[in-house]
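Heads up: the structure comes next, in structure tokens.
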Amino acid sequence: MSTPNRMTVGERTDSNFTTWSAAELAEKIHSREISSAEVTRAHLDRIAEANGSINAFLHVSSDEAMAAATAVDEALASGDEPTSPLAGVPLALKDVFTTTDAPTTCGSKILEGYRSPYDATVTLKLRAAGIPILGKTNMDEFAMGSSTENSAYGPTRNPWDLQRTPGGSGGGSSAALASGMAPLAIGTDTGGSIRQPAALTNTVGVKPTYGTISRYGLVACASSLDQGGPTARTVLDTALLHEVIAGHDANDSTSSTRPVAPVVEAARQGASGDLSGVKVGIVKQFERPEALQPGVLELHRRNLEQLESQGAELVEVDCPNFDHAVKAYYLILPSEVSSNLARFDGMRYGQRKGDDGTRSADEVMSLSRSEGFGPEVKRRIMMGTYALSVGYYDAYYLQAQRVRNLIAQDYAKAFETVDVIAAPVTPTTAFGLGEKVGDPLSMYLFDLFTLPLNLAGVCGMSVPAGLADDTQLPAGLQLMGPAHGDDRLYRLGAAFEAGRG
Ligand code: GLN
């Protein structure tokens, strides 16, 4: 029997829990019409069926997930209130958050089989919320990439077309959602790694305001940019997960002390579809028809028309420094990477190579790193080390930091006149496996529309916008909001979702 080329989640049916939304599953689990154990089992069965073709999960935690599900069912049976609005609904966790009961590899050979002695704050919050963790999802090595092909454990395939990538770096989480292997997933977005795969797989992904989600136990890529975030198949499900994982954490020095934005309430409000009085910014510098696939451009125009038809007012905003975002990001990120990844020396974490008594510590470190890291990680470490070295620091790193400030000012100015900004997420729909991986520059340019937001620390969402006419593959609508204005994304995202029907 030949394998199908598409493995997306089917139409919703009463008998198949893998087609339900998380909100719907939670409601029925909490009223005890169905059990968390049967829901979790259904998703584990789907993983067993589909993961061989898609490679979304690097590790499946069947026993642990079933134990967590059974604990929720027992607590509910004994009359306890659910510990969170998502208690009992299973989830896929990007393999960059530490877990004591499963390996944490970050898609790297250097961390093969590594067990963390502690749980990330996000992991602890999921456990406390009664959310069974199905397993750890595939990613570009240390979250560097836009296709999940930089994983040391093989690429993840896009459920919409198995010959194409799901985007990256969080392709595993998004592919798990799109194929019905999980109703909820967690990603990280340092430069687009939640929004971009969400767009290419027809799912919802949010990069919350920097500081909203604790980075404690999130293995660092670029600390000033890294941010965990929720992803799911509906805006409301994403909002419910956002509220579970957000909040101040004393273990993360950049964690915000502000109250979490009321995103669930905003998503419920947005469901009315009414956008009257909402001002939506269109960034002049993003008007790049030549950079967009015709079908994606056409879809984006229709998205804007739809927002208008729902009552939104479109306003052009000028963000001149966005033109330099790709260059600034690809200096700042490698600089931080070169420093953060120095800890993987074969001595303290993960794989050690060549320690046979004949080599010096230096030689063992060098061998462990050269065998443990893949080509893209090495490229970034070298670029970053160069950008930070004496004589080049001012010209590269410092200059990039200046650009970063100017981009933040562009956003601040834009948000004086508009409530949110709307933009494409990706220049094209999903590209083929192997198409860009040998050409780093074209891979970096694929991040054109997602990077400015990370540099400024503001928030963004990718919401499904349907299929592009020319490829019949999904693309997303990107919404960007000001720092701590995450609720605006959810209100607008839910309204757009409702408007599309
Ligand atoms: N494409 C971006 C990069 O390669 C994605 C980074 C991220 O968000 N983790 O750096």
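Just follow the structure's listing: the first ligand is 1, and inside any ligand the first atom is 1.
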Margin query: I'd like to know if the side chain of Gln285 pairs up with that of Asp318 as donor and acceptor (distance under 3.5 Å, no hydrogens or angles considered).
Written below: yes

Next item on the list: Note the single closest protein heavy atom to atom 10 (O) of ligand 1, along with its residue, its atom name and the distance in Å.
Entry: Tyr329 OH, 2.7 Å

Next item on the list: Decide whether an N or O pair under 3.5 Å exists between Ser146 and ligand 1.
Entry: yes

Next item on the list: Name the option, out of Tyr330, Phe446, Phe142, that contains the heavy atom nearest to atom 3 (C) of ligand 1.
Entry: Tyr330

Next item on the list: Heavy-atom contacts with Ser169 under 4.0 Å: which atoms of ligand 1 show up? List them by number with element.
Entry: 9 (N)

Next item on the list: Please identify which atoms of ligand 1 are closer than 4.0 Å to at least one heavy atom of Thr190.
Entry: 7 (C), 8 (O), 9 (N)

Check: With a 4.0 Å cut-off on heavy atoms, does Met443 reach ligand 1?
Finding: no

Check: If you measure from atom 6 (C) of ligand 1 to every heavy atom of Gly170, Ser193, Cys221, which option wins on shortest distance?
Finding: Ser193

Next item on the list: Can you pull out the closest protein heavy atom to atom 1 (N) of ligand 1? Residue, atom name and distance to 0.1 Å, please.
Entry: Asp447 OD2, 2.7 Å

Margin query: Within the 3.5 Å criterion, strictly below it, is a donor on Ser108 or Glu141 matched to an acceptor on the partner's side chain?
Written below: yes

Check: For residues Thr99 and Lys136, is any side-chain donor paired with an opposing acceptor at under 3.5 Å?
Finding: yes

Check: ligand 1 and Gly168, any nitrogen or oxygen pair closer than 3.5 angstrom?
Finding: no

Check: Which atoms from ligand 1 have a heavy atom of Gly191 less than 4.0 Å away?
Finding: 6 (C), 7 (C), 8 (O)

Next item on the list: For residues 418-437, pull every pair meeting ring-ring contact (aromatic ring centres under 6.0 Å, His included), keeping only residues two or more places apart or in separate chains.
Entry: Phe431-Phe446

Notebook entry, point to check: Mind checking whether Phe142 and Phe373 have parallel, tilted or perpendicular rings, split at 30° and 60°?
Noted result: perpendicular

Next item on the list: Would you give the length of the straight line joining atom CZ of Phe97 to atom OG1 of Thr104, rounded to the nearest 0.5 angstrom?
Entry: 10.5 Å

Note to self: Tell me whether ligand 1 is touched by Tyr444 - counting only heavy atoms on the residue side and a distance under 4.0 Å.
What the structure shows: no

Item checked: By side chain to side chain contact (heavy atoms under 4.5 Å, CB included) - contacts of Glu298 (at least two apart) -> Arg302, Asp469

Next item on the list: Write down the atom of Ala185, the atom of Leu241, and the distance for their closest heavy-atom approach.
Entry: O-CD2, 3.3 Å

Check: What are the atoms of ligand 1, with element, lying closer than 4.0 Å to any heavy atom of Gly145?
Finding: 1 (N), 2 (C), 3 (C), 4 (O), 5 (C)

Margin query: List ligand 1 atoms under 4.0 Å from Arg380, heavy atoms only on the residue side.
Written below: 3 (C), 4 (O), 10 (O)

Item checked: Modelled atom types, side-chain donor and acceptor of Arg258 and Thr209, under 3.5 Å -> no

Next item on the list: Taking only heavy atoms of Met144 into account, list the atoms of ligand 1 that are under 4.0 Å away from them.
Entry: 4 (O)

Checklist line | Atom indices of ligand 1 within 4.0 angstrom of Ala143 heavy atoms, with elements | finding: 6 (C), 7 (C), 9 (N)

Note to self: Testing the 3.5 Å rule here: is there a donor-acceptor pair between the side chains of Thr231 and Ser173?
What the structure shows: no

Note to self: Heavy-atom distances under 4.0 Å decide this one: backbone, side chain, both or neither, for Lys94 against ligand 1?
What the structure shows: neither

